[in-house]
Every structure is written in structure tokens, then in C-alpha cells.
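This report concerns only the one structure given below.
Proteins get letters first, then strands, A, B, ... in listed order; numbering begins at 1 in each.
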Amino acid sequence: MSDHEHRIKVWDIPTRLFHWLLVVAVGTGLITGFISPEWWMGIHIWAGYGTVLLVVFRLVWGVFGSEYSRIETFAFTPGEVIAHLRELIFLRPLHYIGHNPAGAMMIFALIFFLFGITISGLLVLGGEENQGPLAGVISYQVGDVAAEVHEVLVFVLMVLISLHIIGVILEMRLTGENLITPMFNGHKVIPEGEVASELRSSKPLLAAIFLFAFAVISGSVLWALSTMPPSGIIQLAKNANYTAECGDCHEVYHPSLLPKASWAKLMKDLENHFGEDASLDQGVTDGIAGYLQAHAAEAWDTEASNRFSKVSSTTTHQITATAYWKRKHKDIGAEVFKRKGVGGKVHCSSCHLDAASGRFDDQKIKIPEQ
Amino acid sequence: MKTLKNTIAIAATAVLFSSVSSGIVVAISTRDTIIKDFAVKAGAPLSAERGKALFETKAGGGKPETPSCTTCHGASPMNTGKTRAGKLIEPMAVSKTPERFTEIKKVKKWFRRNCKSVLGRECTPQEKGDFLTFMSSK
């Protein structure tokens, strides 16, 4: 027998491509989720959509792919899994041409958690950020819970990824088989005496049809949902006096950035308005006060309104002095606020391009360079 | 026919010109009326010099954040000022901002608030008149 006959193609191109694209998508998701600034949220979201598509592809390919890509070839019974784990403990694992039972368990776990992470991520996006296809159906409260779940699942995922890498190294050491090169070139060298089963080829057309059907169905469902207006964002009627009188001295702040009680107190003491007399005619004052009461934080369900509705009216009416505001801006240096294009902390709209709508989307943050 | 056309053209020009100029005249006359009104109430002649001094004084007695008019309006009325919250304020000098002091409601509102902020009290008609005389001379 020549060497050539010992080499067989185990991992087809789509499976290999899937694996490495998933590494890129998940890696991008992890990096943008953990360490990158909020205005990179767009990339994080696309990493999520990419992950879902890849995982769905893998499931379809698990039915229509070539021999060792098929789920049935690595759907082991619990007994087989336990037996393999026992072999691992005694450091004498049997050799498998395709996925071994431990690897198979890892695949199922990864798929499960990746689905959980992307679904919870979509809930966070729709609930907390009021974006994405679920913006119209998911409340901030639900999004807030989903954010916790999202985080926990990601930590589990990182444990799984670590175990996956450790497992590969361990199996390579114990069996002496190179598992990494086949993930690039697709070929494995079969040990003397081991017989590969009949190698069924893939059915790309069927796979494409199923993938296409999935894309069309899920795409239209998400599109239909995304046509719903985002929940908790009301069309803010302009108040001429509020815009003119308050806007004379400072930015016209969105009413959702303080709770009712704070606006009421602030409007009662315009003679002492942050170190200046800003008093107005009683009629004008009452009109503005009424407008602010009707559109205060409590009337909205955005991230900002949910956070600022918790501001106590006895501590401060200065939005930039609230604990939440300070925490959100703690990484922005004093020199940034001094830039001409920013003009101080008082100018929300210098960096938050959507400040006037009250949304304050992460992707709408553009800090002027000068 | 030609003469009719010319007449219409001349009439239209006249109407246009007079409406624009009357707008300016009205602006000037309202400001003058406002200043004269303060002079009458003060019962004494107005002085641009005193107005300048008032604009620049750091009298104390007001809020610590606003010791002087110049805190927000800048050292010269010819220049653009800036509120403490970062909004630009058009120059106070009438030569730079012709529509200044032509609306009695605005004049009253800002004197009431800003005198309280800077001086801690309402301004007298004499002070208001002096101030506007100074700004009109600039």
C-alpha cells in the first residue's frame, strides 16, 4: 500500500470554511463585546448575524454534507460518550477518523450556546437599544434580563472554547495524530489497518435549497417584525417655548433625560438655575413645565429614559452630574470635552448625532476630532 | 402700453423699497422709543460712558458664576459671546447685530434676569438707558 492510499479526505471545503469563518465571527463578537468602544456596536451586531448564518449552515450541512460532516456520523450514544471519556481519563483514547465522541459533544454544546447567545443578543438589541427586528416587540425590561443571560452564556462559551482547544491538544498528544493540519487541507492519514467507511459525497444543491428557504423565511419574518415602530419611543411634539426659551442659553435637552419629579423641581426654581436667573413669565413657565411633565423619562422606554428615570430629584438636576452619566463618560478624557467641535459636556448633540430623538444609539456616537 | 408697464415697474420698486426701508426705520424707531422711555423714567440724561462702565463692572452682589456682563458677552460688545452652557451670543453692539433692543419684551426679560444674575438686583431705568445708549453707539 502506498502512502496515498492512507490519506483520505475527511473535512470537505464547506466544513473547513465554516469552522474558520466561525472563529472569525465569534472572535470579532468577543473582541467587540468586551473591549471595544460602544460606537463599534455595529460590528458586534454583524458578527452575531454572521454567527447565526454559519451555525444554521452547519446544521444543514450536517444533513447534506459529505460523510464526516454529517451529524449522523458523530451522533454517539451516551454509552459511547462515557466510554470515550473513560478512555481519555486513562489516557488511552481510541482513534476516530471523523469527530470523536468528546468532540461531537463539544459541537452540540457550541451550537446550543451560540444559538442562545445570538438570540439573547437580539433581545438585548431590541429591548435595551431599541434596534434590530425586535425593537418593536421587546421592552427595555426584557432586554435588560436578556443582557444578563447574554453575558453568562458568553462566559460559558469561553469555557467551552478553552476546553475545545485543550481537548484538541490533549487528543493530539495521546493519539499522536495531527488534528490541526486536516482543518486546513481536509486530509487525514489513516493508521495502518483502520478501514474508512463508505465515503458518501455531499449534496450541495439540496443544501443550497434548504439554506435559501431558511434565509427567505427567517428573513421575511425578521423584516416583518422590523417594520413595527420601536417600542417606547414616542413622536416628540416640539414645544416652541421650550425650544426657544431654554435653547437661548443651552442645548434643548430631550425631556426623557430627567424624571418628572426632577423637571418639576427645576421648573419651580428658575431664579436659581445652575448659577443664573433664568426666570420666565408664569404662563410660559407653566407651559414648559407641563410639556416636560408629559414627556419626562417615565413616558419613554429607551435605554436613556430607563437610566435617567432612576435619578433622584433630591440629588441633582444636572444631567452631566448624575452617576449614570459620569459612568458612561468615564473613559472620555477632559481634553475631548475641550475640543472646539465638542464644546463641553453640555453639548450632547456634538457627539450623539441622534440626541434630539432621545435614542442615543451607540452607533450614532461620533466624537469630533477637533 | 409701454408707459403703463413702466408705471407698474416703478410702483412695484417703490413699494418694495419703502417696505424694506420702513422695516429698518421701524427697528430704529422702536429702539429709540425704548431708550427714550428709559431716559424719561430716569429723569436724567443718558451716558454711553456709564453704560460701558456698567457692562464691564465686577460689582459683586450677584451670583458667583456671573460676576460681570462680560462673563458671557465677552470683553467687547463687538464680539460674539458665549453662555456658560456653550451657546453663542450675537454681539451686543447694534452696529454688529442691528435687530438688538428692538423688542421690548426681550429687552425687559433679559434686563430682569441678567441684572439679577450679575448684580443681584433689578437695574434702574438710568442703568438700562445708559447700557442701551452704549450699545447703540457701538
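Within residues 124-138 of chain B, no residue has any heavy atom under 4.5 Å from a heavy atom of chain A. The contact list for residues 106-121 of chain B toward chain A, using heavy atoms and a distance under 4.5 Å, reads B:Lys109, B:Trp110, B:Arg112, B:Arg113, B:Lys116, B:Ser117 by residue number. For residues 54-65 of chain B, the interface with chain A (any heavy-atom pair closer than 4.5 Å) comprises B:Lys63, B:Glu65, sorted by residue number. Using a 4.5 Å heavy-atom cut-off against chain A, the contacting residues of residues 80-93 of chain B are B:Thr83, B:Arg84, B:Ala85, B:Gly86, B:Lys87.
Proximity to chain B (any heavy atom under 4.5 Å) is shown, for A:Leu280, by both the backbone and the side chain.
More than 12 heavy atoms of other residues, nucleotides or ligands shown are found within 6.0 angstrom of CD on A:Glu271.
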